[in-house]
Number of protein chains: 2
Amino acid sequence: MVTIYDIAAKAGVSAMTVSRVINNTGKISDKTRTKVRRVMDELGYVQNQMARSLVLQQSNLLFLLITDITNPFYTTLARGAEDAAKKHGYRLLFGNSDESLDKEKDYLDTILATRADGVLIAPTGDSSLPHLETLRKHDVPFVLLDREVPGMESDIVLGDSKEGARRLVEHLSSLGHKRIAMINGSRHVSSARMRLEGYREALKLNDLPYEDQYVLETAFEPRSDLSAIEHWLAEMNPAPTAIIAGNNVLAVEVIRTLTAQGKQVPDDMSLVCFDDLGPLSEINPFLTVIAQQAYQFGYLGMQMLVDRLKERGEPTVPWKKIVLPADMIVRRSAVACGCGLTDTCLGG
Amino acid sequence: MVTIYDIAAKAGVSAMTVSRVINNTGKISDKTRTKVRRVMDELGYVQNQMARSLVLQQSNLLFLLITDITNPFYTTLARGAEDAAKKHGYRLLFGNSDESLDKEKDYLDTILATRADGVLIAPTGDSSLPHLETLRKHDVPFVLLDREVPGMESDIVLGDSKEGARRLVEHLSSLGHKRIAMINGSRHVSSARMRLEGYREALKLNDLPYEDQYVLETAFEPRSDLSAIEHWLAEMNPAPTAIIAGNNVLAVEVIRTLTAQGKQVPDDMSLVCFDDLGPLSEINPFLTVIAQQAYQFGYLGMQMLVDRLKERGEPTVPWKKIVLPADMIVRRSAVACGCGLTDTCLGG
DNA sequence: CTGTTAGCGCGTTCAT
DNA sequence: ATGAACGCGCTAACAG
């Protein structure tokens, strides 16, 4: 490994001078600078970030921890965070907790151990609280993304989940649906909680009754319990005519299961969900969705993080909270209720 | 920041003893171990990876660098790499070069500076050579993913691009298409090169003429030059009846552009491509694709990397090369040529 | 403008 | 079974 001492020796200067050239600090004569630069190139010097971070007590590294790297919502968010980080001259590394508390803990350990300067994190759920407390305790600035964690104040970027659910119900109701079911993530995830609340409130507003049997609380994970979905879909009685999925992954699972049960969307069942499905949605529009501004989640979140980084030590600015509105995109997966709008509708 | 010295002081032992407890090295009496452990918990000690890496000369960190984090092919690959890394007890961090040589360089700098133990990399293209040479020079083991880089030998996981292209042409030909166009990534990316070659060879095998005007070489990037695609699509004469896209992103762009020009897929134009589009493909099957085993790219690549890590210092094992076969999934985006299978077909 | 000294937090080596 | 001294590569602070 080439060190600044190697450079120094070969260039006939001290290590300190080399350090100064590298970091552009202090005054260096053009001649020495040029010479040092040349030797650096010759020897293929690479700064040892470890050593540097050790003395500087900061790594110049930012982390983004998402919960599902295969979900277009999070990858688009990641692009936003990336662009904002680059704009401010920070380096960004990604981690994927895969909706697992354990993996989240592993990543947080890594983040702590590498002394990241800041973290953008979509927590797996309310149980992430201890993880965030650790971060806070170690004085690592972080911004929460997409999910609140009760008991932890911080900067945060959220979607308007309640309003989204309300609009979805409204839309289905306007299509004549009266039995609207909802499959959702765990109630220990704030976004799922808010969506369920919005759903219940909207039912009330539309004079539709709420029934427990029409709600399944499972998990946002891609590999969640499929048989639960299967049973739920098969056993609701009378069957709903429309389903709201708490996110895109669940919507996909519902369609899969429905198909396996010989039912078609939207002919036999209308379906809408939160979060779009990436580029394919544009070229082959199918799912009616509440499309959140994924890119902005990342971009604005990173912006807030960088702001925090800058104020280090200054009097604490109050926590900021951004709530992003979302647009409904009406496509083909939800159609008018085929029951003639009567109460005796049996689900098309 | 809590250091081993803080622990040592409070536990009434030396820092060295604390270090031994942390790393489970040497002989420590149960009593001291217990005591040290308790103090560590009390103080919320977190090992300083920087300092540790500095003395150990290794970071225990692995990196995966992909070229498009919004592309399902790469995110699925990432999941594979992640699972394999976890299986072997390694930590994995992600980077996204976004098909940009500059960003790739930035990430490589970070990787070098953080002294990663190994790297899994999908290079942006042939121009990545110097980057790889730097990696090699600094003795960082790496495995190439999805793309070869002429001039650099290494472990590598590849898809059978040539065979894939052959099968796509074969399929279209069997549907009666005679004018089959191809939109592709840059010829400075090996996968694009191989796909073009496969296309040309397959045309020959099927007694179809090759024409330059039917080939557009652009870039695999999501935000590539759209007007080029526009012009190309508008100006081919006679228009092709089918198009092969070098990857999923390009396929999406083609559909978008075609739609803007008032044409429908597959009614006015058949379209097939490399790489599937994630979960939505399953629920709303549309694109006929060569579906590469994305997960295996990552999983097997990581496996190879870990193997290399283990043999450190031993006599060099020859470079390994894995070529993954791919399945064609026939869906709805390519249909029989509507021209009655005559040579005067106008693409209609 | 340039060099010297010291120390960031940790683990290896050698003592005890 | 435990500790002291040293060095990993770098930079801040102070000297010249």
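Proteins come first, then strands; the chains are lettered A, B, ... in the order of their sequence lines, and each starts at number 1. Because the structure is a prediction, the values reported are computed rather than measured.
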Inset, instruction - For residues A/S59 and A/S53, report the shortest heavy-atom separation together with the two atoms involved. - result: CA-OG, 3.6 Å
Rounded distance (Å) that lies between atom [atom2] of [N] and atom [atom1] of [X]:
{"X": "B/N24", "N": "D/dA1", "atom1": "CG", "atom2": "P", "result": "13 Å"}
{"X": "A/L56", "N": "D/dA13", "atom1": "CG", "atom2": "P", "result": "11 Å"}
{"X": "A/K27", "N": "D/dC14", "atom1": "NZ", "atom2": "P", "result": "19 Å"}
{"X": "A/I4", "N": "C/dT4", "atom1": "CD1", "atom2": "P", "result": "13 Å"}
{"X": "A/M1", "N": "D/dC10", "atom1": "CE", "atom2": "C1'", "result": "12 Å"}
{"X": "A/I28", "N": "D/dT11", "atom1": "CD1", "atom2": "P", "result": "12 Å"}
{"X": "A/I7", "N": "C/dT2", "atom1": "CD1", "atom2": "C1'", "result": "17 Å"}
{"X": "A/R115", "N": "C/dC8", "atom1": "CZ", "atom2": "C1'", "result": "11 Å"}

Legend entry - Along DNA chain D (nearest heavy atom to each residue), the more 5'-positioned of B/G26 and A/Y5: B/G26
Inset, instruction - Nearest-nucleotide wise, let me know which of B/V55 and B/T17 is further upstream toward the 5' end of DNA chain D. - result: B/T17
Short heteroatom pairs, N/O only, protein and nucleotides 13-16 of chain C, under 3.5 Å:
none

Below the 4.0 Å mark, does [N] have OP1 or OP2 next to a side-chain nitrogen or oxygen of [X]?
{"X": "A/Q58", "N": "C/dC8", "value": "no"}
{"X": "B/S29", "N": "D/dT2", "value": "yes"}
{"X": "A/T32", "N": "C/dC1", "value": "no"}
{"X": "B/S19", "N": "C/dC10", "value": "no"}
{"X": "A/T3", "N": "D/dG9", "value": "no"}

Legend entry - Sidechain-backbone polar pair: A/D98 side chain, A/S100 backbone, donor-acceptor under 3.5 Å: no
Inset, instruction - Establish, yes or no, whether a centroid distance under 6.0 Å links the rings of A/F297 and A/Y74. - result: no
Legend entry - side chain to side chain contact (heavy atoms under 4.5 Å, CB included) between A/I66 and A/N71, worked out: CA-CA 10 Å; A/I66 57 181; A/N71 187 329; over 6 Å; no
Inset, instruction - First locate atom CG of B/D117, then atom CD of B/Q57, and finally report the distance between them rounded to the nearest 0.5 Å. - result: 11.0 Å
Inset, instruction - Kindly write out the residues that satisfy salt bridge (charged side-chain N to carboxylate O under 4.0 Å, His left out) with B/D6, not counting sequence neighbours, or none if the list is empty. - result: none
Legend entry - salt_bridge(A/E148, A/K321) N-O dist < 4.0 Å: yes
Inset, instruction - Would you please test B/E42 and B/R38 for salt bridge (Lys or Arg N to Asp or Glu O under 4.0 Å) and show each step? - result: CA-CA 6 Å; B/E42 277 174 34; B/R38 217 191 41 238; 3.6 Å; yes
Inset, instruction - Let me know which of B/K320, B/Q303, B/R308 forms a side-chain hydrogen bond (donor to acceptor under 3.5 Å, both in side chains) with B/D155. - result: B/R308
Legend entry - Strand-adjacent residues in residues 39-54 of chain A, judged by heavy atoms under 4.0 Å from DNA chain C: A/L54
Inset, instruction - Determine, step by step, whether A/R147 and A/E99 satisfy the salt bridge (Lys or Arg N to Asp or Glu O under 4.0 Å) criterion, reporting the C-alpha distance in whole Å, the side-chain angles of both residues, the deciding distance to 0.1 Å, and the verdict. - result: CA-CA 12 Å; A/R147 300 171 179 180; A/E99 298 282 8; 2.9 Å; yes
